[in-house]
Amino acid sequence: MVGPLSDRVIRILKSVVFAASLSPVAFLLWDVLTDQLNANPFNAIVRSSGFWSLRFLCLTLAITPLRWLTGWHSVVKFRRMFGLFGFFYATVHTAAYVLFDRLAGLDAWVRARPLIATAHTLSAIGVDLLRPFFAIGLVALVLMAPLAATSTVGMIRRLGGRRWQALHRLAYPAAVASVLHTYWPLTLRAPRYAVILGIVFVLRVGRAYARRRASMARTEKILSTSAGCRL
C-alpha cells in the first residue's frame, strides 16, 4: 500500500512525467535531424507516433486497476495527462500520415495549388478509408476526440459526474480500435498491447462483478434483517 503524496510532490512528479511523455517526440526529431532513421524516415514517424498513442491509451486505462491493486490513490492524478498524451500522439500520427503519405505523394505542380492539392488529398484519404485498417484508425481518433475535449475540470462540472463517466467509457472501444488498427497489417508481431488491454479488461470486469456480488449480499442482509424485525 502506497500512502498519499503531498501536492508539492504531485506537482514535481507531474512535471517529470510530462517531460518524459514528450521525450519520444524529441528523440524522433533528433533521429530525423541526424539521419538515424531507416530508408523511409517518414514512415518511421507515422509508425512510432501510432505506437505511442496506443501505449498511452493502455497506460490510461491501467491507472484504475493499478490503484486497486496497490492502494496508491494518488496515481489517478496522472490519468488525465496520460489520456491527453494518447490523443496528442494519435493527432501526430494522423498529421504525419496526411503530410508524408498523402501530400508528399502529389506532383509538385499539384502541391503548388492549395485547392487542387486539398481535393486530391481528401480523395486519396477517402480511398484509403475504404480499407478496414484506415477506417478503424479513424474510428479510434473520433472516439478519442470527445475524451480530450471534455478532460478539464470545467467540463466535468458542466456534464455532471455520471454523464462524464459514461462519456469517458469511450476510452475502451477507442483502445480496442487502436489495437486493431495497430496490429491489422502486422500479422507476424506478437500483440503485446492487446494482451495488456485484455488484462485491464479482465481486472475491470472482475472488479465490477465483485462489487455487484457485494451489493447483492448487502441487499439480502438488509432484507433478511427487516424480515426478522417484522417477525
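Just so you know, these numbers come straight off a predicted model, no measurement behind them. We're numbering straight along the sequence, starting at 1.
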Single-linkage hydrophobic cluster, 4.5 Å side-chain cutoff, Phe18 and Val75 together: yes
Within-4.5 Å side-chain heavy-atom neighbours: Ser53 and His93: no
Ile136 and its side chain to side chain contact (heavy atoms under 4.5 Å, CB included) partner, picked from Val179, Leu129, Thr182, Leu180: Leu180
Cluster link Phe85 to Val25, ILVMFWY, side chain under 4.5 Å: yes
CA sep, side-chain torsions, deciding dist, call: Leu147, Leu143, side-chain contact (heavy atoms from CB on, under 4.5 Å): CA-CA 7 Å; Leu147 305 183; Leu143 290 175; 6.0 Å; no
Distance in Å, His120 NE2 paired with Ser123 OG, rounded so as to fall on 0.5 Å steps: 7.5 Å
Phe51 and Tyr89 aromatic centres sub-6.0 Å: no
Side-chain (Ser48) to main-chain (Ile45) donor-acceptor, under 3.5 angstrom: no
Inter-residue atom distance Met155.CE - Leu167.CG, 0.5 Å rounding: 8.5 Å
Within one Ile-Leu-Val-Met-Phe-Trp-Tyr cluster: Leu84 and Trp52, side-chain cutoff 4.5 Å: no
Value rounded to 0.5 Å, distance of OG in Ser23 from CG in Leu28: 10.0 Å
Parallel, tilted or perpendicular: rings of His181 and Phe133 (30°, 60°): parallel
Pair Phe88 and Phe56, ring centroids less than 6.0 Å apart: no
Phe100/Asn43 under side-chain contact (heavy atoms from CB on, under 4.5 Å): CA gap, chis, key distance, verdict: CA-CA 8 Å; Phe100 300 136; Asn43 184 63; over 6 Å; no
Whether over 12 other heavy atoms sit under 6.0 Å from Leu115 CG: no
Flag side-chain contact, heavy atom, 4.5 Å: Val98 against Thr121: yes
Donor-acceptor contact below 3.5 Å, side chain Thr70 vs main chain Leu66: yes
Single-linkage hydrophobic cluster Phe27~Val92, side-chain heavy atoms < 4.5 angstrom: no
Val17 and Phe78, any side-chain heavy atoms less than 4.5 Å apart: yes
Close side-chain approach of Trp72 to Arg67, heavy-atom, < 4.5 Å: no
Members sharing Met144's hydrophobic cluster (side chains within less than 4.5 Å): Leu57, Phe87, Leu141
Main-chain N/O of Pro114 paired with Thr118 side-chain donor or acceptor, under 3.5 Å: yes
Shortest non-hydrogen contact from Thr60 toward Gly83: OG1-N, 3.1 Å
Flag side-chain contact, heavy atom, 4.5 Å: Leu61 against Arg79: no
Short side-chain to backbone donor-acceptor contact, Ser151 and Ala148, under 3.5 Å: yes
Partner set under ring-ring contact (aromatic ring centres under 6.0 Å, His included) for His168, not counting sequence neighbours: Trp164
Shared hydrophobic cluster for Leu138 and Leu122 (ILVMFWY, side-chain gaps under 4.5 Å): no
